[in-house]
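Reviewing the structure listed below.
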There are 4 protein chains.
Amino acid sequence: MSEPAPSPRQERRQRAARRLAAEGLRLMAARGIGGCSVAEITAAAGMGKGTFFTHFASKEAFAAFLVEEQLAELARRVGPLGLGPVDAETLLADLALAHLRFFQRDPQAAALLQQALALPAGGPVLPLVRARLREYLELLAAKLAPAGQALGWPGERAAELALAILSLGLGYAWLGQALDLGRDTPPELSERLGRALARGLAR
Amino acid sequence: MSEPAPSPRQERRQRAARRLAAEGLRLMAARGIGGCSVAEITAAAGMGKGTFFTHFASKEAFAAFLVEEQLAELARRVGPLGLGPVDAETLLADLALAHLRFFQRDPQAAALLQQALALPAGGPVLPLVRARLREYLELLAAKLAPAGQALGWPGERAAELALAILSLGLGYAWLGQALDLGRDTPPELSERLGRALARGLAR
Amino acid sequence: MSEPAPSPRQERRQRAARRLAAEGLRLMAARGIGGCSVAEITAAAGMGKGTFFTHFASKEAFAAFLVEEQLAELARRVGPLGLGPVDAETLLADLALAHLRFFQRDPQAAALLQQALALPAGGPVLPLVRARLREYLELLAAKLAPAGQALGWPGERAAELALAILSLGLGYAWLGQALDLGRDTPPELSERLGRALARGLAR
Amino acid sequence: MSEPAPSPRQERRQRAARRLAAEGLRLMAARGIGGCSVAEITAAAGMGKGTFFTHFASKEAFAAFLVEEQLAELARRVGPLGLGPVDAETLLADLALAHLRFFQRDPQAAALLQQALALPAGGPVLPLVRARLREYLELLAAKLAPAGQALGWPGERAAELALAILSLGLGYAWLGQALDLGRDTPPELSERLGRALARGLAR
DNA sequence: CATGAATGAGTTTTCATTCAT
DNA sequence: TATGAATGAAAACTCATTCAT
């Protein structure tokens with residue numbers, strides 16, 4: 001439908017772009033956005049340095065693209081939750097758990113987000129990352145608001161609830177990564193942790 | 001008391017070092033560790049660029065020093081908690097709340113920690129920061145372990161509990177900072193959030 | 001007449017080359033030879049980047065071609081002058097005036113020549129441009145020599161006379177362009193200027 | 001008076017700056033502004049690459065500085081002319097001659113100016129160079145205006161007269177340089193050329 | 001023949017660190 | 001001990017040119 005007929009040239013190019021994204025995510029998550037050079041990324045992706053800039057306008061634009069991709073993936077995972085009729089506590093627990101699991105299964109996403117938010121202020125990426133994260137938080141807050149209110153959490157403060165859920169998941173994953181902890185946390189403990197927040201808010 | 005007799009020379013030098021630490025913390029928290037130069041820090045502290053290196057071996061060592069300072073401060077705040085006889089749930093809640101409040105009241109600490117953990121792997125600082133954080137987590141875990149066990153959390157997994165408490169506080173603060181959210185969270189909501197985890201774990 | 005029978009293919013190609021020359025002249029004159037890229041020129045001419053190199057061996061060769069074209073055009077304008085019997089002063093004045101007018105009416109020619117002569121020494125173009133200009137100057141000097149001698153200017157120094165006439169016209173045009181001056185000089189002043197050199201040499 | 005006590009450090013630095021200016025002028029005049037790299041200039045001046053940027057904010061700022069220096073030198077040479085009481089024709093002739101000689105004796109100045117004016121539009125230097133040249137031309141025009149009017153040249157068009165005089169001198173020098181002509185022009189011919197414009201304008 | 005994706009040499013610029021004064 | 005001038009390694013980015021399609 002949308003792609004009429006990807007010529008072999010275009011397909012090869014697409015594959016190169018995907019290789020760039022994969023290797024870039026891997027390297028930036030592992031060594032930091034500022035800790036790996038474009039040359040390293042292209043070398044890992046098996047192409048010339050100059051090719052990078054035919055795909056992305058700048059290194060920062062590349063980082064921003066990766067961040068958007070990860071947030072989109074997170075939204076895709078979280079989106080379906082709470083569509084059916086569930087009680088408030090269960091919804092909160094499911095959302096908290098989903099975030100914990102997402103970042104635990106995709107530690108690169110956690111590392112990249114943390115890297116992107118640590119970018120020097122003044123650059124063009126940080127505002128973009130912030131905007132995307134804010135959008136995501138609003139989405140999450142909208143999902144949480146009714147459940148929160150049902151448990152006595154003020155509706156206009158749903159953003160703080162969303163922030164807490166995201167923080168726990170993201171923070172747990174990257175702190176765990178950085179400290180080499182929590183990688184072997186048994187699933188039932190993760191689950192208990194995820195549910196605890198919801199349960200505690202529900203009295 | 002322990003300091004024998006700080007000569008005027010030594011005292012002047014101490015003051016300079018304190019100025020460096022204060023301005024460095026401010027700048028690194030605001031603009032990122034890689035986003036501010038040694039020249040900027042020394043200029044803000046009112047001294048020559050070269051003087052910096054008579055106080056600290058390198059820029060990274062300086063960042064590590066600042067991190068240690070902040071972690072020491074955190075330990076100082078958290079240390080007294082739970083010394084008296086309190087029930088398990090209250091201890092957990094107090095600790096979670098203490099972390100939330102510490103990073104909310106001292107956002108520079110949160111920003112610096114997040115910056116330090118985002119430092120390029122391979123450098124000499126990251127391992128050091130990790131080691132200090134691990135030490136801190138062990139301390140916290142030791143404090144938490146009995147309470148956790150009382151609530152059915154396996155004692156040998158206390159580290160994960162500590163990680164969750166630290167993550168919530170640190171993540172909430174730096175994500176909130178980055179997104180300009182949670183700065184005006186009413187104290188009673190913060191408190192509710194802090195207690196929720198403990199309450200939920202306690203069933 | 002001399003062209004045997006331009007196949008439609010050949011004709012299309014010719015048109016493309018002419019478009020390249022026109023757009024290249026425009027862009028190089030406006031933004032400098034080093035200030036516009038091959039990609040810009042081909043985009044302006046409505047063709048692919050690669051096509052450029054099927055017409056010209058290199059960007060520099062292209063610039064050299066444009067210069068030759070402009071010098072040929074100048075020679076065409078100046079050539080007919082002095083063929084009839086005119087006195088020495090009038091010939092000098094006519095030639096000076098012709099140069100002033102040529103570059104005033106075709107500022108792109110002036111800009112291109114100035115750009116070409118500013119090309120980094122060491123490249124392959126500068127020698128070529130120099131050679132063409134020298135050829136042109138010799139042609140001009142040959143035309144000037146008898147008139148010069150009639151006014152007491154040594155015949156073997158006719159090149160200097162030609163240099164002065166060319167410099168006044170070219171310099172006036174490109175300095176005027178660069179400074180946005182002389183674009184609205186009334187024709188009678190231009191003419192007076194053009195004649196002045198001749199008149200002054202004639203005592 | 002102005003320099004209270006140049007410390008040996010500062011003096012050494014000053015000498016380095018002068019070496020940079022000299023070698024930069026030489027290389028940029030010979031090979032073009034874009035034709036020589038900062039690395040080449042600093043190497044020629046016997047210092048490290050980074051030192052360049054402690055003296056000048058950028059390569060372009062350096063080029064602008066050199067241009068200003070040369071124009072200031074030109075103004076210094078031309079300034080004293082016409083202060084005494086001389087007739088209009090003599091003043092014009094003296095000024096024309098002064099420009100011819102200045103650029104003939106200092107061909108690097110001619111080459112640098114021509115290079116600077118050939119800089120890609122859009123950069124920060126070209127506007128600066130244009131502004132300085134315009135200032136210089138206004139100065140020259142003010143000097144010329146009365147004499148011009150005495151010879152029937154409209155006072156409000158003195159700028160065009162200045163442009164012609166500057167063009168002849170600058171154009172003659174850099175075209176001569178580029179074509180390796182006019183380097184051995186006998187002084188009396190130069191002088192005759194310089195006077196011719198004035199004489200011709202005076203009838 | 002036309003195309004545009006791929007390439008890498010080459011450039012400017014930053015900045016932690018050294019060291020002579 | 002304090003200073004700031006000097007340094008060069010490292011990084012992002014541009015663009016003429018090549019070549020497979």
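A, B, ... follow the sequence lines: proteins, then strands. Residue 1 opens every chain. Please read all numbers here as calculations on a predicted model, not as lab measurements.
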Who passes side chain to side chain contact (heavy atoms under 4.5 Å, CB included) against C:A110, sequence neighbours left out? C:F103, C:L170, C:A173, C:W174, C:Q177
Between E:dA16 atom C1' and B:E40 atom CD, what is the distance in whole Å? 13 Å
With sequence neighbours excluded, tell me which residues meet side-chain hydrogen bond (donor to acceptor under 3.5 Å, both in side chains) with A:T54. A:R13
In whole Å, I'd like the distance from the CD1 atom of B:I41 to the C1' atom of E:dT17. 14 Å
Those residues that, when tested against D:F52, pass ring pair (Phe, Tyr, Trp, His ring centres under 6.0 Å) (two or more places apart): D:F56, D:F62
Residues which pass side-chain hydrogen bond (donor to acceptor under 3.5 Å, both in side chains) with C:R132, listed by chain and number, not counting sequence neighbours: C:E68, C:E135
Hey, does C:E40 have a side-chain heavy atom less than 4.5 Å from the side chain of C:S37? yes
Tell me, please, which residues at least two apart from B:R12 pass side chain to side chain contact (heavy atoms under 4.5 Å, CB included). B:R15
DNA chain F-proximal residues of residues 22-33 of chain A, any heavy atom under 4.0 Å: none
State which residue, out of D:L71, D:L112, D:V67, fulfils the side-chain contact (heavy atoms from CB on, under 4.5 Å) condition with D:V129. D:V67
Value in whole Å for how far the P atom of F:dA16 lies from CZ of C:F53: 7 Å
With sequence neighbours excluded, what pairs up with A:L119 under the side chain to side chain contact (heavy atoms under 4.5 Å, CB included) test? A:I33, A:V125
Starting from C1' on E:dC15, measure out to CD on B:E60 and report it in whole angstrom. 13 Å
Rounded distance (Å) that lies between atom C1' of F:dT14 and atom NZ of A:K59: 18 Å
Side chain to side chain contact (heavy atoms under 4.5 Å, CB included) filter on D:A17, not counting sequence neighbours, yields D:H55
Please produce a list of atom pairs where a protein N or O lies less than 3.5 Å from an N or O of nucleotides 5-7 of chain E.
unit_1 : atom_1 : unit_2 : atom_2 : d
E:dA6  : OP2    : A:R13  : NH1    : 2.3
E:dT7  : OP2    : A:G48  : N      : 2.8
E:dT7  : OP2    : A:T51  : OG1    : 2.5

Can you list everything that forms a side-chain hydrogen bond (donor to acceptor under 3.5 Å, both in side chains) with B:R26? Sequence neighbours excluded, please. B:E23
Which residue lies toward the 5' end of DNA chain E, D:S37 or B:C36, if each is placed at its nearest nucleotide? D:S37
Could you tell me the separation between the CG atom of C:L20 and the C1' atom of E:dT3, rounded to a whole number of Å? 14 Å
C:F56 CZ to F:dT17 P, in whole Å, measures 13 Å
Given a 3.5 Å cut-off on both pairing distances, which stems involving DNA chain F, each at least three consecutive Watson-Crick or G-U pairs, are present, if any? E:2-21 with F:2-21
Of B:A39 and D:A39, whose nearest nucleotide on DNA chain E comes first from the 5' end? D:A39
side-chain hydrogen bond (donor to acceptor under 3.5 Å, both in side chains) filter on D:E69, not counting sequence neighbours, yields none
Between F:dT17 (P) and C:F62 (CZ): distance, integer Å: 13 Å
